[in-house]
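Have a look at the structure below, then the notes.
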Amino acid sequence: MMLPILPLYLREIGMSYSMTAVVLAAVGVGAVVGGLPAGAVASRRGPDVLFAIAVVVLAITSAAVGLTEAAFALVLIQFMAGPGSVGLTIATQTILTNEVPVAVRGRSMAAVGGTVRFAFFVGPIVGGLLAQIAGFTVAFIACGVVNLAGLLPFMLSRPSVAGGRRLNRPTTVSGGMRHALRRHAALLVLAGVGPALITTVRSGRNVVVPLVGDEIGLSTAAVGVLVAIGTGAELLLFPVSGWLMDRFGRLASIVPAFGLLGVGMLLLGLAGSSTPPVVFAGVVMGLGNGMSAGTMLTLGGDLAPAADPGPFLAALGVMQGLGYVFGPLIVGWLADVAGLAAAAVVLAMVMFAGITWIVVALGNTAQPSRPWLTRRLDGAT
């Protein structure tokens, strides 16, 4: 719901592209700062507790955005949303890594990615319509209420006191966060650089597409539809992602998926001010991102140490969180200096660099074969 309306709200209250990017990037900074504490909560209290905390944080910060126009306050609110965002990812990833066998991990992660994509299809339409009909403040408060509703299935799925164990209480905690990070530092670099570059493009896409829609004169509701069209294309292919990863290896999904996302970003940069080419570029990006459902979650699950995945996944989340910082900043700076089209082209180049890193440095993580990777994985067991 916030995807199309937050950049438009920031532009509506008079912010430049660069300042809009700073506000949007603050959530990434918060994710980087909050990733390690979130991992500690997952290890010590269980990912279910982390999930609940993250949902409440996201609900409060989503609603609070619509209550102020002060730049500093908006940056602070977005910064506070960062730990909630990364906490939700770590909680979900840790639960699935603990419970799902590697043979079906790709399909399981892709199913989770598919539910997120459904939300990204419905949400932008609802958010855009609400903002146009009732105003931005009402739309943001509605975002907070919907976020809070995410606690309902969580509460219903918790086991009763008589029902036995907690949901996914971690079985081991090996020496604390610092020890785990020192031990697996080289593995984290190998595993994290490619996903961080890809996250940069994904987060940049979420900024550049609404701003392009605004630049070509679309209404707030129409921008929401533009965003949803791309995400609607994602719904067609997310089941394919998991099947490809489990059947033919992780790269069988990663390379064509993110390749399409990069090509779509190039097409957006070349679309000009005409609506049909912008829509087509959005569809191409949507098809690519749909095929990528669950890929980054699966990579992290494949490489996480079996004894205590929480700290590793948290650190990996921190590295990917850097992408949420750099993506909006790249768009904002380049948009002010050279235009939104140039920002889209640069994001495409970053995407191709991320694909290259994953292919060369990681390969198929379901059955790792790169010697520099297998040596470190052997040390992580």
Side-chain angles (χ1 to χ4, degrees), residues 3 21 24-25 28 31 89 110 113 116-117 120 189-212 227 230-231 233-234 237-238 240-241 244-245 250-271 277-300 316-317 319-335 338-365:
L3 184 60
L24 296 175
T89 300
V116 173
R117 279 152 177 77
F120 273 91
V189 172
L190 285 169
V193 170
L197 292 172
I198 286 171
T199 302
T200 297
V201 181
R202 280 175 151 178
S203 62
R205 172 200 177 202
N206 292 340
V207 179
V208 73
V209 171
L211 292 179
V212 166
V227 173
T231 312
E234 297 181 20
L237 288 180
F238 82 83
V240 177
S241 171
L244 285 173
M245 284 193 288
R250 310 314 190 205
L251 296 182
S253 178
I254 288 172
V255 173
F258 292 120
L260 278 173
L261 188 50
V263 169
M265 197 62 71
L266 276 177
L267 292 174
L268 184 67
L270 300 173
V278 171
V279 172
F280 180 73
V283 170
V284 173
M285 286 188 283
L287 291 172
N289 208 45
M291 193 183 293
S292 75
T295 52
M296 297 299 97
L297 292 174
T298 304
L299 282 184
L316 202 59
M319 293 191 69
Q320 293 186 37
L322 293 172
Y324 290 107
V325 177
F326 291 122
L329 291 179
I330 288 172
V331 172
W333 179 72
L334 282 173
L340 288 170
V345 172
V346 170
L347 287 176
M349 297 301 103
V350 174
M351 174 58 77
F352 296 137
I355 296 170
T356 302
W357 180 277
I358 290 175
V359 171
V360 174
L362 300 181
N364 177 25
T365 55

Nearest heavy atoms of Asn289 and Ser292, plus distance in Å: O-OG, 2.6 Å

Residues in side chain to side chain donor-acceptor pair (under 3.5 Å) contact with Thr89, at least two apart in sequence or another chain: none

Nearest atoms (heavy-atom pairs only) where Phe258 meets Met351: O-CG, 3.3 Å

Side-chain (Thr199) to main-chain (Tyr324) donor-acceptor, under 3.5 angstrom: no

Non-hydrogen atoms of Val331 and Gly204 that approach each other most closely: CG2-O, 3.7 Å

Side chain to side chain donor-acceptor pair (under 3.5 Å) partners of residues 253-270, not counting sequence neighbours, each pair once: Ser241-Ser253

Pair Phe326-Leu197, side chain to side chain contact (heavy atoms under 4.5 Å, CB included): steps then yes or no: CA-CA 9 Å; Phe326 291 122; Leu197 292 172; over 6 Å; no

For Ala196, all residues meeting side chain to side chain contact (heavy atoms under 4.5 Å, CB included), sequence neighbours excluded: none

Straight-line distance of Leu261 CG to Leu287 CG, nearest 0.5 Å: 10.5 Å

Validation row: Ile330, Val346 side chains within 4.5 angstrom (heavy atoms): yes

Where Ala21 and Pro328 come nearest, the two heavy atoms and their spacing: CB-O, 2.9 Å

Counterpart residues, side chain to side chain contact (heavy atoms under 4.5 Å, CB included), relative to Val116 (two or more places apart): Phe120

With Arg202 via salt bridge (Lys or Arg N to Asp or Glu O under 4.0 Å) - residues at least two apart: none

Residue pair Ala335 / Leu340: nearest heavy atoms and the distance that separates them: CB-CD2, 3.6 Å

Non-neighbouring partners of Leu362 that pass side chain to side chain contact (heavy atoms under 4.5 Å, CB included), sequence neighbours left out: Leu190, Leu299, Leu303, Ile358, Thr365, Leu373

Residue Phe352 excluded, over 12 heavy atoms near CZ under 6.0 Å: yes

Pairwise side chain to side chain donor-acceptor pair (under 3.5 Å) hits with a residue in residues 339-358, at least two apart: none

Non-neighbouring partners of Leu268 that pass side chain to side chain contact (heavy atoms under 4.5 Å, CB included), sequence neighbours left out: Val208, Val209, Val212, Met265, Val278, Ala281, Met285, Ala344

Contact summary for Ala348 and Leu266, nearest pair of heavy atoms: CB-CG, 3.6 Å

From OG1 (Thr200) to CD (Gln320), nearest 0.5 Å: 10.0 Å

Gap separating the OG atom of Ser203 from the CG atom of Leu322, nearest 0.5 angstrom: 10.5 Å

Pair Leu347-Arg205, side chain to side chain contact (heavy atoms under 4.5 Å, CB included): steps then yes or no: CA-CA 8 Å; Leu347 287 176; Arg205 172 200 177 202; 5.7 Å; no

Leu316 side chain near Pro195 side chain, heavy-atom distance below 4.5 Å: no

Spacing of CG belonging to Leu244 relative to CZ belonging to Arg250, to within rounding of 0.5 Å: 11.5 Å

